[in-house]
Number of protein chains: 2
Amino acid sequence: MKSNQQEPNAGVKEIARRAKVSIATVDRVIHNRAGVSPKTKIKIERIIQELNYQPNILARRLASRKILNFAILIPAVSGETAFWEAPLAGIQQAEEEIRQFGIKIDRYLFDMNSKASFVKQSKAILKSKVDGILMAPSFIEESITFTNQLKEKNIPYVFINSDIPNQESLCYIGPDLFHSGYLSAHLMKYCIQPKDKILIVNVSHEIENHHHLLRKEEGFRAYFANNDKRILKIDIRQTNDRAVEKKVAETLAENTNVKAIFVTNSRVSNVAHYLETTGRADDYLLVGYDFLKENIAYLKKGVIDFLICQKPQEQGYKGIMALYQHLVHSAPVEKVSFMPIDIITKENYEFYRN
Amino acid sequence: MKSNQQEPNAGVKEIARRAKVSIATVDRVIHNRAGVSPKTKIKIERIIQELNYQPNILARRLASRKILNFAILIPAVSGETAFWEAPLAGIQQAEEEIRQFGIKIDRYLFDMNSKASFVKQSKAILKSKVDGILMAPSFIEESITFTNQLKEKNIPYVFINSDIPNQESLCYIGPDLFHSGYLSAHLMKYCIQPKDKILIVNVSHEIENHHHLLRKEEGFRAYFANNDKRILKIDIRQTNDRAVEKKVAETLAENTNVKAIFVTNSRVSNVAHYLETTGRADDYLLVGYDFLKENIAYLKKGVIDFLICQKPQEQGYKGIMALYQHLVHSAPVEKVSFMPIDIITKENYEFYRN
DNA sequence: CTGAAAGCGCTTACAG
DNA sequence: CTGAAAGCGCTTACAG
């Protein structure tokens with residue numbers, strides 16, 4: 001009864017011996033390379049099955065001096081927000097871990113407020129020698145154009161931070177935006193009175209393109225579904241600090257029964273700045289997004305009450321590792337990996353890992 | 001000016017060539033093995049410096065068929081709590097990732113309520129061939145005895161879940177208990193009235209030994225420092241479900257102005273069960289610990305309001321990886337790695353990763 | 001104290 | 001379509 005026993009560590013040599021071929025031929029079928037007669041191919045494949053052959057990745061990477069090139073396509077860090085520093089840090093962390101395996105990473109950063117720069121960088125990637133891509137599909141149409149070309153060339157790509165469904169990405173790694181809005185609403189409900197009104201603030205140059213803000217708003221509203229009249233909202237498209245604060249000031253002046261403010265992105269710091277300088281920090285419950293230095297400063301002072309975070313660093317890290325698992329280990333990759341919805345307060349921010 | 005340039009990928013061969021010795025000798029000094037004359041040793045060391053030699057770990061692990069044995073010493077999953085499932089899962093995840101590198105992991109589980117079983121398992125580890133240890137130092141004195149023996153044998157050990165300072169562990173990976181209590185107090189303050197009283201509940205067979213409960217209580221009290229009289233507390237040493245519920249029932253009956261309950265470990269489910277079956281779930285704010293199935297069930301129903309979690313799975317994972325980094329890559333390891341203090345609610349539990 | 005040689009499990013030209 | 005041989009960068013006996 002020795003038939004079905006899996007030899008523990010049988011390698012190419014053993015396979016070759018059993019198939020009565022050379023290991024070069026075994027290698028050819030393992031990698032699905034041309035130049036093997038169907039007959040011997042089938043024979044070898046069967047033996048691989050029987051032996052439950054697991055390639056030794058160490059030996060593989062050592063022998064093949066081939067280098068894999070990954071490309072990153074994400075927004076550059078800007079004066080408006082340092083958010084994208086974190087994914088970049090995660091990417092670098094992953095890079096250091098897998099450098100040994102012959103992975104090189106090229107970074108292509110675009111301007112969050114410019115579709116043209118996105119397109120330009122995506123073209124540059126297509127011109128380069130690239131085996132896999134990690135990208136933030138910030139601009140929907142432009143991203144689809146890009147990924148269609150990647151599909152043709154059979155280059156895998158991973159989405160982070162926001163998703164475009166049905167685009168055959170290797171996977172999506174990032175927040176469930178709807179639920180993060182929903183959670184924010186839940187936290188607020190704990191802390192305010194039934195009669196208090198709530199203000200939602202969206203700040204973005206391109207609210208329609210940066211659709212993820214709207215997803216959060218939807219989630220937030222869904223929680224309060226049955227009495228939506230408590231909720232006011234403003235969209236601010238002029239994104240410099242002064243413009244944002246001015247608009248917020250006007251709105252609050254007109255709506256004195258607002259007691260809680262929900263800012264759908266990291267620009268919560270602008271609202272915090274306004275509340276602090278006008279001495280009204282204690283009058284509002286303030287909830288916003290992202291573990292950024294300025295936001296944390298306001299959290300510390302009690303101006304911001306809760307920050308919702310979604311591990312941007314881990315998004316970068318896991319995104320790279322997904323490409324690595326897929327390309328180096330041919331391992332299966334989870335299609336969607338939602339980040340946890342983390343609640344950061346004055347008391348736990350010190351222990352938060354982005 | 002070619003002197004100080006670092007050859008990109010110089011290996012043992014190049015070192016040997018420059019030192020005019022064989023690569024075997026180079027290998028000897030790289031691994032600090034005996035049998036090299038001081039003179040050639042110094043010469044080789046200098047060249048290693050100059051070249052900024054980085055060993056190729058792939059080749060190393062491939063050539064050396066040496067196997068590293070790690071031992072795990074943590075509590076067994078028990079009827080009282082499934083908490084230790086999570087670290088075990090993290091350990092297994094790490095195991096799968098580094099198996100390729102020749103790491104084997106042996107598990108030694110002890111009974112949380114029995115010092116004797118801890119001692120027995122630690123002795124078994126000492127008898128085995130072991131290169132590194134991951135342990136939960138649940139019993140302080142017994143742990144110190146054990147680690148003293150490990151120190152003699154020069155075997156590195158990592159603490160998880162609770163720390164014993166100054167024991168020269170390779171590192172500690174786990175919660176900052178004081179701060180997690182402090183955070184709990186903060187959450188409560190948001191949600192209750194100034195006149196409401198708060199009940200702290202400690203449940204453990206060995207409250208003195210399981211000192212970590214007391215650390216959380218300290219942190220909690222510290223937050224309310226200035227009006228401690230709001231706080232009541234009970235220690236429950238009989239840990240079967242019925243005994244716990246009975247004691248809680250009595251205490252609440254005697255103190256009708258209690259509006260919030262803080263349970264310092266996963267036994268919050270017992271309190272939740274009591275509140276639910278007596279139809280008083282809505283009368284209390286209930287905060288406790290750990291992402292366990294039963295706790296989540298009560299969170300979903302709104303009986304438990306907040307759960308504090310500290311990534312037990314990640315503790316296991318990171319603990320193993322720390323040993324791996326130290327032993328395989330000789331990489332430096334952070335002495336203390338506090339886990340984030342995560343706040344879990346009805347709205348975000350689905351996205352939590354332990 | 002030192003070195004020559006074989007081998008880890010693969011891949012890569014090269015030759016036929 | 002197939003195989004023999006060299007090599008990836010190390011480590012491990014073994015011999016001297």
* OP1 or OP2 of D:dC1 under 4.0 Å from side-chain N/O of A:Thr40 -> no
* Kindly express the pairing pattern of DNA chain C in dot-bracket notation, using | wherever a base pairs with another strand and counting only Watson-Crick or G-U pairs under 3.5 Å. => |||.||||||||.|||
Distances for protein N or O near nucleotides 6-8 of chain D N or O, under 3.5 Å:
| residue | atom | partner | partner atom | Å |
| --- | --- | --- | --- | --- |
| D:dC8 | O2 | A:Ala63 | N | 3.2 |

* All pairs passing salt bridge (Lys or Arg N to Asp or Glu O under 4.0 Å) where residues 98-108 of chain B contributes a residue, at least two apart -> B:Glu95-B:Arg107
* Expressed in angstrom and rounded to an integer, what is the separation of A:Lys41 atom NZ from D:dT2 atom C1'? -> 15 Å
* Does anything in residues 157-171 of chain A pair up under salt bridge (Lys or Arg N to Asp or Glu O under 4.0 Å), and if so which pairs, sequence neighbours excluded? -> A:Lys151-A:Glu168
* For B:Asp131, side chain to side chain donor-acceptor pair (under 3.5 Å) partners two or more places apart -> B:Lys129
* Most 5' of B:Ala24 and B:Leu58 on DNA chain D, judged by nearest nucleotide -> B:Leu58
* To do: Determine yes or no for a side-chain-to-main-chain donor-acceptor pair under 3.5 angstrom, with B:Gln310 supplying the side chain and B:Pro340 the backbone.
  => yes
Would you mind writing out the side-chain donor-acceptor pairs for residues 34-42 of chain A within the sub-3.5 Å range, not counting sequence neighbours?
| residue | atom | partner | partner atom | Å |
| --- | --- | --- | --- | --- |
| A:Ser37 | OG | A:Thr40 | N | 3.3 |
| A:Ser37 | OG | A:Thr40 | OG1 | 3.3 |
| A:Thr40 | OG1 | A:Ser37 | O | 3.2 |
| A:Lys41 | NZ | A:Asn32 | OD1 | 3.2 |

* Between D:dA13 atom C1' and B:Lys66 atom NZ, what is the distance in whole Å? -> 14 Å
Using residues 59-66 of chain B as the side-chain source, report each donor-acceptor pair under 3.5 Å to any protein atom, sequence neighbours left out, with the distance given to one decimal.
| residue | atom | partner | partner atom | Å |
| --- | --- | --- | --- | --- |
| B:Arg61 | NE | B:Phe101 | O | 2.6 |
| B:Arg61 | NH2 | B:Lys66 | O | 3.0 |
| B:Arg61 | NH2 | B:Phe101 | O | 2.6 |
| B:Ser64 | OG | B:Lys66 | N | 3.3 |
| B:Arg65 | NE | B:Ala63 | O | 3.4 |
| B:Arg65 | NH2 | B:Ala63 | O | 3.3 |

* Asked: Can you name the residues that form a ring-ring contact (aromatic ring centres under 6.0 Å, His included) with A:Tyr352, not counting sequence neighbours?
  -> A:Phe291
* List in chain and number order the residues that pass side chain to side chain donor-acceptor pair (under 3.5 Å) with B:Glu152, two or more places apart in sequence or in another chain; answer none if no residue qualifies. => none
* **Heavy-atom neighbours of A:Glu334 CD exceed 12 at 6.0 Å** => no
* Asked: Quick one: does B:Arg28 reach the base of C:dG3 with a side-chain donor-acceptor pair under 3.5 Å?
  -> yes
* To do: Take the protein atom CZ of A:Arg61 and the nucleotide atom C1' of C:dT12, then report the distance between them rounded to whole Å.
  => 14 Å
* Asked: Rounding to a whole Å, what distance do you find between A:Ile42:CD1 and D:dC1:C1'?
  -> 15 Å
* Phosphate OP1/OP2 of D:dG3 contacted by A:Thr25 side-chain N/O (<4.0 Å) -> yes
* Using whole Å, report how far CZ of A:Arg33 lies from P of C:dA13. => 10 Å
* **Selected nucleotide, minimal atom distance to A:Val12 side chain, candidates D:dC10, C:dC10, C:dG3** => C:dC10
